[in-house]
Engineer: 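To start, I am sharing the structure in question, which I have written as structure tokens.
So that the names make sense, note that chain A is the first sequence line, chain B the second, and so on, each numbered from 1. Computation of the quantities below employed the complete heavy-atom set of this structure, encompassing side-chain atoms and omitting hydrogens, waters and symmetry-equivalent molecules.
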Amino acid sequence: MAGETAAGEKKPGEKAAGKKKTGEKKPAEQKASQKAAGEKKKRVKKHHASRNPVLARGIGRYSRSAMYARKALYKRKYTAPETKIEKKKKEKPRATIIKPVGGDKNGGSRVVKLRKMPRYYPTEDVPRKLLSHGKKPFCQHKRRLRASITPGTVLILLTGRHRGKRVVFLKQLATGLLLVTGPLVINRVPLRRAHQKFVIATSTKVDISGVKIPKHLTDAYFKKKRLRKPKHQEGEIFDTEKEKYEITEQRKSDQKAVDSQVLAQIKKVPQLRGYLRSTFCLSNGVYPHKLVF
Amino acid sequence: VFKRFVEIGRVAFISFGPHAGKLVAIVDVIDQNRALVDGPCSGVRRQAMPFKCMQLTDFVLKFPHSARQKCVRLAWEKENINEKWAATRWAKKIEAREKKAKMTDFDRYKVMKAKKMRNRIIKHEMKKLQKMSSKKGKKPEKPEKPEKSEKAQKSEKVRKAQKAPK
């Protein structure tokens, strides 16, 4: 109790206690007054000593209600000043909207509620889920990249239709997949995504520092497109879905733009072009764990 | 039957253990299995070493038994053992083995291309000689000469291929 009042004194004692001067706290007063001089003039000059004498440790002379009266808290009620933003915010959001309606003799428009009442109330309330910790959605996952894979590294693809081909690494995309190019003229591998885990990183590097990769090459650009509008009967759906993948003009132009820069760097290293053209294979007596890549 | 003997001053190559791959000189024999050994110019402190892990080389130094390290070092440097060792086939084989193990994927490709080119040249010469011999009847032409020149070319190519990325 005594501790509480001492702490409580500091804040509300701002205006009233400024005038009171107890003999006990003179050096403290001087310090406080000096401090206050630097601060606003409204601020407290000194804090009053505890108005609740201590009988024994933890026991004060006066009760809560007596202290309320002694500290004159009935006079000191504060609210935070209303900021300009709050004043502006008093405008309520729109509840309804007027939408035009077609058809004859319909009255032209309807008033539509923007936030509708729920159409279904479950008989039992859904139980509250327990708090979980650290479970992030995929987009917020931490992406790692092996230290051996740096821009310009020659990678060996291990899976997919281009397995065994040696390919130049460009950059890591936002989902963590690696953007990779053949280049196309060398080994028929276009600008493509590859997974870090299904790739061997060799120690051969091409200097790609000067190569500028267009910024629109993101995961969304490479994602497979699937039609999902089965408005018609089911028999027709199988025809409309893209069975044949067509190379768009944009892909071709992007490929050219990137490859021309990369090829220039590849030509500087002797035999690198032939190396990228060749495929990786194992034969008798060749053990991957013994190979230095 | 035996050409290399354990004697004071014999230079030995350590085949396994913490000092594997280094050269030492035998300074003294302790008992049937161990020798006092010192390698001042190869970074081996004077210590006892079992004979089993030593392989004798052709080099012998001249210093008295239990000579101190300074004498061993002098004798070693006088005979220029380090250079002589590097020139032996033994040391070259070791070096080639190490290089092969360190080959990267790109190096392997370059070696493959060099080998292929070399074999083509050899085959070409062989075919030429065979043709000549079959035309002129039985004349056992020996195609050794072009092979040797090809071998020299290949080793150069391989070394170039291995040195280039480094």
Side-chain angles (χ1 to χ4, degrees), chain A residues 146-158 162-169 180 182-183 186-187 189 194 198-208 262-263 265-293, chain B residues 13-22 53 55 86 89-125 146-147 149-166:
Chain A
R146 296 207 295 251
S148 52
I149 302 179
T150 62
T153 313
V154 173
L155 306 173
I156 301 175
L157 300 176
L158 295 173
H162 298 289
R163 62 193 84 100
K165 291 201 181 163
R166 296 182 173 106
V167 127
V168 177
F169 167 66
V180 129
I186 295 183
N187 51 18
V189 176
F198 303 110
V199 132
I200 295 180
T202 64
S203 50
T204 319
K205 316 252 183 214
V206 184
D207 185 17
I208 274 198
V262 174
L263 271 171
Q265 298 297 323
I266 289 174
K267 282 191 180 167
K268 292 184 185 172
V269 182
Q271 296 193 303
L272 188 59
R273 197 164 181 277
Y275 175 58
L276 290 173
R277 285 188 75 205
S278 64
T279 47
F280 174 76
C281 58
L282 296 171
S283 60
N284 269 356
V286 176
Y287 306 109
H289 70 287
K290 289 211 158 173
L291 288 180
V292 169
F293 282 103
Chain B
F13 172 81
I14 305 176
S15 51
F16 62 85
H19 297 287
K22 297 183 188 162
C53 69
Q55 293 173 352
R89 283 181 175 261
W90 188 348
K92 285 183 192 166
K93 273 191 265 171
I94 295 172
E95 201 201 323
R97 222 180 295 144
E98 280 175 19
K99 273 197 179 168
K100 195 176 181 191
K102 276 194 212 166
M103 264 204 291
T104 72
D105 198 40
F106 191 23
D107 293 333
R108 258 172 265 130
Y109 169 79
K110 287 189 234 176
V111 166
M112 181 263 285
K113 284 288 174 186
K115 267 195 195 172
K116 217 172 167 185
M117 212 193 310
R118 169 195 183 236
N119 288 337
R120 274 220 184 112
I121 297 170
I122 294 173
K123 251 194 211 164
H124 183 68
E125 290 296 325
E147 266 193 57
S149 64
E150 261 40 273
K151 268 188 189 173
Q153 283 178 29
K154 187 239 169 172
S155 61
E156 278 173 34
K157 276 177 200 164
V158 166
R159 292 230 173 126
K160 272 185 197 172
Q162 288 170 351
K163 279 182 188 172
K166 286 167 193 174

Engineer: According to side-chain contact (heavy atoms from CB on, under 4.5 Å), who are the partners of A:Val269, at least two apart in sequence or on a separate chain?
Structural biologist: A:Leu272, B:Phe106

Engineer: Sequence neighbours excluded, which residues qualify as ring-ring contact (aromatic ring centres under 6.0 Å, His included) partners of B:Phe13?
Structural biologist: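 B:Phe13: ring-ring contact (aromatic ring centres under 6.0 Å, His included) contacts with B:Trp85, B:Trp90.
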
Engineer: Could you show, one pair per line, the donor-acceptor contacts under 3.5 Å between chain B and chain A?
Structural biologist:
residue  : atom : partner  : partner atom : Å
B:Asp105 : OD1  : A:Arg166 : NH2          : 3.4
B:Asp105 : OD2  : A:Arg166 : NE           : 2.9
B:Asp105 : OD2  : A:Arg166 : NH2          : 3.1
B:Asp105 : OD2  : A:Tyr275 : OH           : 2.8
B:Arg108 : NH2  : A:Val292 : O            : 2.5
B:Tyr109 : OH   : A:Gly274 : O            : 3.2
B:Tyr109 : OH   : A:Tyr275 : N            : 3.4

Engineer: Considering all heavy atoms of both residues, which atom of A:Gly182 and which atom of A:Leu276 are nearest to each other, and what is their separation?
Structural biologist: O-CD1, 4.4 Å

Engineer: To the nearest 0.5 Å, what is the distance between CD1 on A:Ile156 and CZ on A:Phe293?
Structural biologist: 5.0 Å

Engineer: Among residues at least two apart in sequence or on other chains, which ones pass ring-ring contact (aromatic ring centres under 6.0 Å, His included) with B:Phe16?
Structural biologist: none

Engineer: At what distance, to the nearest 0.5 angstrom, does CG of A:Leu263 lie from CD1 of A:Ile186?
Structural biologist: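 The CG atom of A:Leu263 sits 5.0 Å away from the CD1 atom of A:Ile186.
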
